[in-house]
Amino acid sequence: VQVNYLGFPGTMGAPFMDYLIADPVVVPPGQQAYYTESIAYLPDCFQANDDRRPIGAIKPARSAVGLPDSGFVFCCFNNGYKITPSVFERWLSLLQAVPGSVLWLFAEHPVVPRNLREEARRRGVDPQRLVFAERLPYADHLARMQLADLFLDTLPFNAGTTASDALWAGVPVLTCPGEAFASRMAASLLHAVGLPELITHGLEEYEALALQLATSPAQLADIRARLARNRTTHPLFDTDRFRRHIESAYLTMWERAQRGDGPASFDVKPD
């Protein structure tokens with residue numbers, strides 16, 4: 001029995017792959033026809049998360065990571081290849097609409113800061129309002145991430161692990177899902193952590209909600225407080241609950257194979 005899980009967020013398109021681990025958000029039941037694999041639906045979220053991952057004990061000062069001492073911090077630590085012109089244009093519009101704000105990005109390669117700052121300059125935005133983070137040890141990165149006010153997701157290739165890192169660090173994630181598995185990952189995470197209102201439908205709504213949150217401190221504070229509570233009470237970061245569900249999925253696959261039955265889509269019942 002061969003299972004597609006995490007390595008490629010979508011169908012392998014190969015007849016020898018029997019199953020794909022998913023959930024009803026990343027692969028809506030009506031889209032099964034577009035997958036060569038049978039779908040093993042987990043009840044909460046497709047993504048495994050470690051509820052013991054450490055966050056560095058020392059939250060750095062903003063100045064220590066290149067951020068200004070004041071002003072709203074929009075953040076996206078996705079890889080640079082996920083940043084499309086249409087999404088980047090929305091981000092620059094937000095910088096223009098929120099005085100003193102900055103956009104905090106990940107500099108995985110020297111060409112990324114150079115090209116994005118040049119594009120910002122061409123569009124009338126001070127390039128220095130784009131701040132780039134270097135790679136850090138994981139626990140220190142999570143501690144640093146707490147300085148962000150709002151994580152802005154990319155489309156059509158969403159944040160996956162980067163989104164769960166942000167949520168684990170207490171930073172709300174704003175997403176705009178598309179049609180494919182890779183463009184619905186952050187929406188799955190937000191459902192599983194109890195913040196579905198951060199899932200928008202179209203880039204107009206995405207930009208409008210980002211602006212609303214950046215200019216409504218009380219609303220954003222309420223969302224952050226709910227995220228802090230939900231982190232320990234909702235399924236996304238309940239590692240043992242996830243373990244039970246994925247083991248149940250594997251057991252169902254094995255039992256079907258032992259009976260001589262071919263692969264077929266099925267739902268794992270929540271326990």
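None of these values were measured; they are calculated from a predicted model. The first residue in the sequence is number 1, and the count goes up from there.
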With rounding to the nearest 0.5 angstrom, report the [atom1] to [atom2] distance, [X] to [Y].
X    : Y    : atom1 : atom2 : result
Y5   : L42  : OH    : CG    : 7.0 Å
L20  : L6   : CG    : CG    : 9.5 Å
L203 : S93  : CG    : OG    : 11.0 Å
L167 : M145 : CG    : CE    : 9.0 Å
L92  : E207 : CG    : CD    : 10.0 Å

Open item on the list: Before you tell me yes or no, could you show the steps for R244 and D240 under salt bridge (Lys or Arg N to Asp or Glu O under 4.0 Å), namely the whole-Å CA-CA distance, both residues' side-chain angles and the distance that decides it to 0.1 Å?
Closed with: CA-CA 6 Å; R244 295 193 302 272; D240 197 56; 2.9 Å; yes
State, to 0.1 Å, how close [X] and [Y] come at their nearest heavy-atom pair, and which atoms those are.
X    : Y    : answer
A264 : Y19  : O-CE2, 3.4 Å
G202 : C176 : N-SG, 3.3 Å
S164 : Q47  : CB-OE1, 3.1 Å
V171 : A148 : CG2-O, 3.9 Å
N158 : A187 : OD1-N, 4.4 Å
G170 : P172 : O-CD, 3.6 Å

Taking C-beta and beyond as the side chain, do [X] and [Y] meet within less than 4.5 Å on heavy atoms?
X    : Y    : answer
R241 : D271 : yes
H141 : F106 : no
L152 : R90  : no
V112 : L105 : no
S101 : L94  : no
D44  : F242 : no
T84  : L155 : no
L213 : L198 : yes

Check whether [X] reaches the backbone of [Y] with its side chain - one donor and one acceptor, N or O, closer than 3.5 Å.
X    : Y    : result
D50  : R52  : yes
S183 : F157 : no
R129 : L95  : yes
H109 : V111 : yes
H234 : L227 : no
R117 : L130 : yes
R224 : D149 : yes

Side-chain donor/acceptor pairs under 3.5 Å, residues 21-35, sequence neighbours excluded:
residue, atom, partner, partner atom, Å
D23, OD1, V25, N, 2.8
D23, OD1, V26, N, 3.0
D23, OD2, F46, N, 2.7
D23, OD2, S188, OG, 2.6
Q31, NE2, E179, O, 3.4
Q31, NE2, E179, OE1, 3.1
Q32, OE1, S265, OG, 3.3
Q32, NE2, Y41, OH, 3.3

Task: The single option from D153, T200, I223 passing side-chain contact (heavy atoms from CB on, under 4.5 Å) against L174 - done: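 Only match with L174 under side-chain contact (heavy atoms from CB on, under 4.5 Å): T200.
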Under 3.5 Å, side-chain donor or acceptor atoms of residues 249-258 against the rest of the protein: list the pairs with distances, not counting sequence neighbours.
residue, atom, partner, partner atom, Å
T252, OG1, S248, O, 3.1
R256, NE, G262, O, 3.0
R256, NH2, G262, O, 2.7

Task: Side-chain donor-acceptor contact under 3.5 Å, Y138 with R53 - done: yes
- [ ] Say whether L136 and F132 are linked into one hydrophobic cluster, either directly or through other cluster members, by side-chain heavy-atom distances under 4.5 angstrom.
- [x]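 No.
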Task: Same apolar cluster: F8 and I39, side chain cutoff 4.5 Å - done: no
TODO: List the steps, then state whether side chain to side chain contact (heavy atoms under 4.5 Å, CB included) holds for I55 with Q146.
DONE: CA-CA 10 Å; I55 298 177; Q146 295 175 104; 3.8 Å; yes
TODO: Mind checking side-chain hydrogen bond (donor to acceptor under 3.5 Å, both in side chains) for E205 and listing every partner two or more places apart, or none if nothing turns up?
DONE: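 With neighbours one apart ignored, the set is empty.
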Task: Pairs involving residues 183-200, ordered by first then second residue, that meet salt bridge (Lys or Arg N to Asp or Glu O under 4.0 Å) (sequence neighbours left out) - done: E197-R226
Open item on the list: Within the supplied structure, the quantity of interest is the number of heavy atoms (other residues, nucleotides, ligands) at a distance under 6.0 Å from R122 CZ; does it exceed 12?
Closed with: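 For R122, atom CZ is not crowded (no more than 12 foreign heavy atoms under 6.0 Å).
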Compile the donor-acceptor pairs under 3.5 Å between side chains in residues 66-79 and protein atoms, sequence neighbours left out, one pair per line.
residue, atom, partner, partner atom, Å
N78, ND2, T154, OG1, 2.7
N79, ND2, Y81, OH, 3.4

Using residues 10-18 as the side-chain source, report each donor-acceptor pair under 3.5 Å to any protein atom, sequence neighbours left out, with the distance given to one decimal.
residue, atom, partner, partner atom, Å
T11, OG1, G13, N, 3.1
T11, OG1, T36, N, 3.2
T11, OG1, T36, OG1, 3.2
T11, OG1, E37, OE1, 2.7
D18, OD2, Q2, N, 2.8

